[in-house]
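Note that these values count all heavy atoms, side chains included, but never hydrogens, waters or copies made by symmetry. Note that the coordinates shown come from a computational prediction; the quantities given were computed from them, not determined experimentally.
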Amino acid sequence: MREVEGQDVTLINAATGSGETVMRIAEAAGLVGSEGQVRYVPTRAARDRVVGDEDGAWPPALMSRHRKQVRRSVGAIFQFPIDAGEQDGDGAPVSLTAFVTDWTGLPSSCAIAVHPGHALSTGLGPEEQAAFTGRFCRHPLTGDLLPVWVADWVKPEFGTGAVLINPGHNAADLEFSRKVGLPVRFSLAPKDYEGAPADWPKPPFIKSGYAFRTGATDGLPFSEAKTKYFAAIAERGLVEECTDSGMGTFQVAAMTADGDVELAWDHRRRTVGSLGDGADSVRLTLSPVLHAAEEHVRSAELTVVTPSTRVEDDLLALRLLLAEPGIEPAVKDAPEVVVVSNAQLAKGVDADVQDDVLGLALLVSAGPLDTLSVKPQHIEPCERFLKVHQSLSAREHIAGQDLSPEIAKAAGQIKGLLGRQDLKQAFTQLYRLQKILAKSESVGEQEMFCYSALAHVLAGVSTPYSHEHLATVWEKI
């Protein structure tokens with residue numbers, strides 16, 4: 001940690017080299033792994049904080065970009081109490097929650113499926129796609145016992161990582177049920193249906209018909225029956241309306257032979273754990289974004305993120321990790337984040353391009369979150385600017401000449417652009433100002449002072465004047 005201009009600063013540019021950070025995330029949020037990657041699963045609480053912009057004053061442009069990455073699903077969180085005979089002790093969950101978007105056929109639901117890393121999961125073997133956990137939970141409407149299954153297609157980042165199975169009224173659930181042998185029941189049927197074999201409903205019977213074999217709601221249109229189901233369960237305190245904010249998962253480590261840290265790997269549950277728990281070990285090469293779980297990063301006021309090939313994903317993962325309520329210390333206000341974008345030289349650019357030219361091109365050719373492919377059209381104006389700057393600095397200047405209104409106006413505009421960190425447009429304007437001065441038969445001393453201050457602030461170039469003098473000129477612009 002360093003102190004820069006009175007701020008506590010942290011630099012994110014390398015992996016931590018410790019498994020402690022990985023375990024903090026695994027315990028407070030969630031980690032899943034497949035195909036050689038370990039991915040962070042944000043909690044619902046962290047996602048809600050980010051979606052609601054309740055995690056501090058991040059830059060408006062960044063928050064806008066993150067909002068566009070959110071996939072919103074309207075539904076409800078249902079609680080399925082674990083059968084008393086199935087509870088393992090004080091640390092075991094007493095209910096299983098599932099995010100449901102359509103409960104028109106709720107009474108006929110026959111099972112719950114969870115992802116392999118879920119707290120109630122018993123995991124999956126190497127070739128298994130689904131397995132029965134041996135556990136049951138209660139249907140919140142009927143009280144029936146529903147078997148809890150593990151399925152590899154359940155997404156841990158969607159809702160709560162658990163899915164209600166209703167094969168009579170959902171096509172995907174019907175396919176799964178036919179594979180594993182779950183019963184197919186109906187709680188919706190066509191109007192005036194009397195149960196004759198010739199008229200038996202054919203699955204999946206989706207969002208149509210009338211409540212059937214549901215007791216007090218029999219004969220109601222499916223939309224009215226849906227409202228009644230919700231009201232009955234809400235009265236029992238087992239459901240709440242919810243809009244799920246899907247943001248996906250984020251890679252935070254890669255499984256490699258020469259990784260930074262060694263952790264246990266649970267092949268059945270497809271996640272990491274502490275060494276010594278009986279699972280096989282795996283070496284991980286950690287992502288720099290894991291620093292967001294460390295105490296010194298979470299307490300910093302300024303965070304600098306060095307080049308990334310996945311700037312958008314890494315910034316959202318950073319923001320979510322800082323919003324996780326289970327990772328201490330809790331972060332209430334957003335740090336100031338500076339991203340150093342990644343860059344590559346495109347074809348036609350000399351690999352031996354001078355450092356000062358390349359540095360200026362990177363500075364003024366890309367936005368803060370952009371990954372730049374450096375092309376000749378980026379290099380050439382920077383080369384000309386630096387060359388003309390040298391010749392201008394070496395010219396004799398006329399003392400005592402006032403600053404022209406044209407130059408004063410242009411300088412004020414450039415300073416305003418620099419204040420808004422719009423370096424691309426500021427460079428364009430300064431480049432034009434430089435051309436005006438270079439073509440002039442004579443350059444006034446005040447004009448040169450003004451130009452030099454702007455050029456030094458924007459590009460860091462040397463000038464014939466002291467920093468103190470340039471600072472005084474800057475204040476007057």
Check whether the side chains of Thr285 and Thr256 place a donor and an acceptor atom closer than 3.5 Å, and report yes or no. yes
Can you check whether Ile112 reaches Leu120 side chain to side chain, under 4.5 Å on heavy atoms? no
Could you report the tightest heavy-atom contact between Gly123 and Ala131, atom names first, then the distance? O-CB, 4.3 Å
Selection residues 318-331 - residue pairs positive for side-chain hydrogen bond (donor to acceptor under 3.5 Å, both in side chains), sequence neighbours left out: Tyr40-Glu324, Thr43-Glu324, Asp53-Arg319, Asp55-Arg319, His66-Arg319
Side chain to side chain donor-acceptor pair (under 3.5 Å) evaluation trace for Gln79 with Thr97: CA-CA 4 Å; Gln79 291 186 43; Thr97 59; over 6 Å; no
Could you check whether any side-chain heavy atom of Val154 comes within less than 4.5 Å of a side-chain heavy atom of Trp149, counting everything from C-beta outward? no
In terms of heavy-atom contacts, Ala453 and Ile477 come closest through CB-CD1, 4.4 Å
Met23 vs Thr21 side-chain heavy atoms within contact, under 4.5 Å: no
Any cation-pi pair here, Lys435 with Tyr431, using under 6.0 Å and within 45°? yes
State, to 0.1 Å, how close Ala151 and Pro116 come at their nearest heavy-atom pair, and which atoms those are. O-CD, 3.7 Å
Do the two ring centres, one from Phe385 and one from Phe427, sit under 6.0 Å apart? yes
Correct closest heavy-atom pair for Ile77 and Cys242 would be CG1-CB, 3.8 Å
Is there side-chain contact between Val357 and Ile379, with at least one heavy-atom pair below 4.5 Å? yes
Are the side chains of Leu106 and Asn166 in contact, using a 4.5 Å heavy-atom criterion? no
To the nearest 0.5 Å, tell me how far Ile414 CD1 sits from Leu454 CG. 5.0 Å
Should Met247 and Val70 be marked as a side chain to side chain contact (heavy atoms under 4.5 Å, CB included) after you check the CA-CA gap, both sets of side-chain angles, and the distance that decides it? CA-CA 5 Å; Met247 299 180 185; Val70 177; 3.7 Å; yes
Given side chain to side chain contact (heavy atoms under 4.5 Å, CB included), test Val461 with Asp356 step by step and report yes or no. CA-CA 9 Å; Val461 292; Asp356 57 346; over 6 Å; no
For Ala29 and Val41, work out which heavy atoms get closest and say how close. CB-O, 3.6 Å
Is it the case that the ring center of Phe449 lies less than 6.0 angstrom away from the ring center of His397? no
Hey, does the side chain of Ser64 reach the backbone of Pro60 with a donor-acceptor pair shorter than 3.5 angstrom? no
Do Ile407 and Leu437 come within less than 4.5 Å of each other through their side chains, counting heavy atoms only? yes
List for me each residue that meets side chain to side chain donor-acceptor pair (under 3.5 Å) alongside Arg39, sequence neighbours excluded, and say none if there are none. Gln37, Thr249
Taking the side chain as everything from C-beta on, heavy atoms only, tell me whether Val74 gets closer than 4.5 Å to Thr101. no
Starting at CG of Leu286, measure out to CD of Gln251 and round the result to the nearest 0.5 Å. 11.0 Å
For the pair Arg67 and Val51, evaluate side chain to side chain contact (heavy atoms under 4.5 Å, CB included) and give the outcome as yes or no after the intermediate values. CA-CA 7 Å; Arg67 280 193 289 269; Val51 168; over 6 Å; no
Once rounded to the nearest 0.5 Å, what's the spacing between atom CG of Asp313 and atom CZ of Phe250? 6.0 Å
Heavy-atom neighbours of Gln354 CD exceed 12 at 6.0 Å: no
Is it the case that atom CD in Glu295 sees more than 12 heavy atoms from other parts of the structure closer than 6.0 Å? no
Answer yes or no: are there more than 12 heavy-atom neighbours, outside Gln129 itself, under 6.0 Å from its atom CD? no
Would you find more than 12 non-hydrogen atoms of other residues, nucleotides or ligands less than 6.0 Å from Glu262 atom CD? yes
What residue among Arg47, Arg44, Arg71 forms side-chain hydrogen bond (donor to acceptor under 3.5 Å, both in side chains) with Asp244? Arg47
Would His456 and Tyr465 count as a ring pair (Phe, Tyr, Trp, His ring centres under 6.0 Å) here? Give the steps. CA-CA 10 Å; His456 181 71; Tyr465 315 109; over 10 Å; no
Could you check whether Glu294 pairs with Arg298 (Lys NZ or Arg NE/NH1/NH2 to Asp/Glu carboxylate O, under 4.0 Å)? no
Which pair of non-hydrogen atoms, one from Val388 and one from Ala438, has the smallest distance, and what is that distance? CG1-CB, 3.9 Å
For residues Trp474 and Leu418, determine if any side-chain heavy atom of one lies less than 4.5 Å from a side-chain heavy atom of the other. yes
Residue set satisfying side chain to side chain donor-acceptor pair (under 3.5 Å) with Gln434, at least two apart, ordered chain then number -> Tyr451
Distance (rounded to the nearest 0.5 Å) between Arg49 CZ and Lys332 NZ: 10.0 Å
So with a 6.0 Å cut-off around CD of Glu20, is the heavy-atom count from everything else above 12? no
Value for NE2 (His169) from CH2 (Trp103), rounded to nearest 0.5 Å, stands at 15.5 Å
Indicate yes or no: does Asp266 engage Arg270 in a salt bridge with an N to O separation below 4.0 Å. no
Set out, in order, the CA-CA distance, both residues' side-chain angles and the distance that settles side chain to side chain contact (heavy atoms under 4.5 Å, CB included) for Leu315 and Val289, then state yes or no. CA-CA 8 Å; Leu315 274 176; Val289 78; over 6 Å; no
What's the separation between atom OG in Ser452 and atom CG in Leu392, rounded to the nearest 0.5 Å? 8.0 Å
